[in-house]
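For reference, the structure is listed below as structure tokens.
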Protein chains: 2
Amino acid sequence: MKINSEVIARTALRLLDDVGLDGLTMRLIAQDLGVRAPTLYWHIKNKQELLDAMATLVYVEAAERLEPPRDGSSWEDWLADWARHLRQAMLSHRDGARVLAGTYVNHETVHRAVELNLRTLRDAGFTLSEAARGFPAVLHYTIGHTIEEQAHTSAAYGDDNPYAPERLAAMIDAERFPLTAQASGDLLGMDGDVGFEYGLRLVVLGLRAAREERERG
Amino acid sequence: MKINSEVIARTALRLLDDVGLDGLTMRLIAQDLGVRAPTLYWHIKNKQELLDAMATLVYVEAAERLEPPRDGSSWEDWLADWARHLRQAMLSHRDGARVLAGTYVNHETVHRAVELNLRTLRDAGFTLSEAARGFPAVLHYTIGHTIEEQAHTSAAYGDDNPYAPERLAAMIDAERFPLTAQASGDLLGMDGDVGFEYGLRLVVLGLRAAREERERG
DNA sequence: GAATGCCCCTAACGGTGTTAGGGTGTCAAG
DNA sequence: CTTGACACCCTAACACCGTTAGGGGCATTC
């Protein structure tokens, strides 16, 4: 296959799943493409630019399946679905959240997604300003949650992951931290879909409450 | 000064502000301590463990100034203050959010903070389960927001930061993305305290709304 | 047929985290 | 007082990293 910057990024993204972010080297990517490392620099400026391109791909993966809300579907469901798509895109690649976090993606598909967010919220009765300040909160929550979740389940620690639930639960001193011990089930279950959905609901409820508060004056 | 793992972490955290996470090398830290790099390995297992220790210090920095809510202060204010403390701790070090993100900190001060969160929310009328699922959402939002903010203002790009607000605003096609263009001020102003406070308020409002929804049955 | 420019190569540079193995000083036990 | 153990630091070196310099083949264009 002909090599260009996008092919490199796609290859890197595929290799990422095998070796993780720390194991992703230029030499490895080049080898997979049947080429030597310096060749990559003909197509891309440096590794940071490659990481940006990878982040863009992940982001686009989430944004491109985004459609205007169908009739009858609420803005709450639509917004939550957008967050779920983004989360799924990150989860579908090892260290996906770390790759995405802190990369301001600039791509047409993403602009479209932003525009769609604004329009959907405004059509639902939000002011444009509320929409513009509100939906990034959903985004930031989603990124924050997923980066933590992916870190806890990371394979970086090998077999003896110090964040294994049973290990953490055993560490809590029930005398000094009774509520923590009592709620350890809920606390440790925060990773995964259930925990994500709970927080996501909170943010969406917050959006609705903020609008109602304004409407009441 | 006598060298031990905590002194190493403090030194590393101080150097971090000068050189950034990518510039933080074992040799540099050792030099600052008047010692050679391999010596560090007598005190710590590897660099990852050092980064964990640094993250713990930042986290503790935010948690140790945490006190039970004074009489007359609402749970909303208390919870928001806790988020602000955490954010300030991250912002007070270059790349602080990146260091903290994805490091499950295990330290007494943090356990105390968790317990205090649970107690405060429960005393305010939340069920323990609501508290245990709710406050991580605040935490995740805070981390997500701060990591993005710090990435955008990062010096990693040198003088030609592609995320400079005026550069981004100019990039938007007002014909195809009218709402985005119109709201660009609000969108780009999401970084900084104003944007953070807006989202933080949303999450807190969401918590309240979730409780009220339960109470109504 | 010459020249241009794309695309890949080899070689190498300066740096990284980390390990191996050896020294020196302190301090307790015999 | 001697001996040994142990804490703590060292030098040397390994394997690997991102990246640059410079050169060569090969197609397309004048």
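The sequence lines fix the lettering, A, B, ..., with proteins before strands; numbering per chain opens at 1. Everything quoted here is computed from the prediction, not taken from an experiment.
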**Complete:** When rounded to whole Å, the CD to P distance for the pair B/Gln31 and C/dT16 reads 10 Å
**Asked** With a non-hydrogen cut-off below 4.0 angstrom, is A/Thr39 in contact with a base, only sugar-phosphate, or nothing?
**Response** base
**Prompt:** Nearest to the side chain of A/Pro38, which nucleotide is it out of C/dC7, C/dG17, C/dC9?
**Reply:** C/dC9
**Fill in**
Quick note, B/His43 side chain, CB onward, closest among D/dC9, C/dG17, C/dC7 is D/dC9
**Complete:** Of the candidates D/dT19, C/dG17, C/dC7, the side chain of B/Arg27 sits closest to C/dG17
**Prompt:** Which of the following nucleotides, D/dC10, C/dG17, D/dC8, is nearest to the side chain of B/Val35?
**Reply:** D/dC10
**Pair B/Lys45 + B/Asp52: basic N to acidic O under 4.0 Å** = no
**Prompt:** Using a cut-off of 4.0 Å on non-hydrogen atoms, how would the nucleic acid contact of A/Leu50 be classed: base, sugar-phosphate, or nothing?
**Reply:** nothing
**Message:** Rounded to whole Å, please give me the gap between CD1 in A/Ile44 and P in C/dC8.
**Reply:** 13 Å
**Prompt:** Looking only at heavy atoms, what is the nearest atom pair of A/Gly134 and B/Leu202, with distance?
**Reply:** CA-CD1, 4.0 Å
**Message:** What is the separation between atom CG on B/Asn4 and atom C1' on D/dA7, rounded to the nearest whole Å?
**Reply:** 14 Å
**Message:** Applying a 4.0 Å non-hydrogen cut-off, can you work out what B/Ile29 is touching in the nucleic acid: base, sugar-phosphate, or nothing?
**Reply:** nothing
**Item:** Among C/dT16, D/dC8, D/dG18, the one nearest A/Thr25 by side-chain distance
**Value:** D/dG18
**Message:** What is the separation between atom CE on A/Met26 and atom P on D/dT20, rounded to the nearest whole Å?
**Reply:** 10 Å
**Message:** Looking at A/Trp42, I'd like to know whether one of its side-chain N or O atoms comes within less than 4.0 Å of OP1 or OP2 on C/dC7.
**Reply:** yes
**Between P of C/dT26 and NZ of B/Lys2, the distance in whole Å** = 11 Å
**Prompt:** Could you go step by step and tell me if B/Phe126 and B/Trp75 meet the ring pair (Phe, Tyr, Trp, His ring centres under 6.0 Å) rule?
**Reply:** CA-CA 10 Å; B/Phe126 289 90; B/Trp75 67 267; 4.9 Å; yes
**Asked** For B/Arg36 and C/dG23, what is the distance between atoms CZ and C1' respectively, to the nearest whole Å?
**Response** 15 Å
**Spacing between B/Leu21 atom CG and C/dG17 atom C1', to the nearest angstrom** = 14 Å
**Atom pair distance, as rounded to whole Å: OH in B/Tyr41 and P in C/dG21** = 18 Å
**Item:** Closest listed nucleotide, where the reference is the side chain of B/Lys47 and the choices are D/dA7, C/dT18, C/dC8
**Value:** C/dT18
**Item:** Side-chain heavy atoms of A/Leu179 within contact of B/Arg122, under 4.5 Å
**Value:** yes
**Message:** Is the phosphate of C/dT18 approached by B/Lys45 (side-chain N or O, under 4.0 Å from OP1 or OP2)?
**Reply:** no
**Asked** When you check the gap from the basic side-chain N to the acidic O, do A/Glu197 and A/Arg84 get nearer than 4.0 Å?
**Response** yes
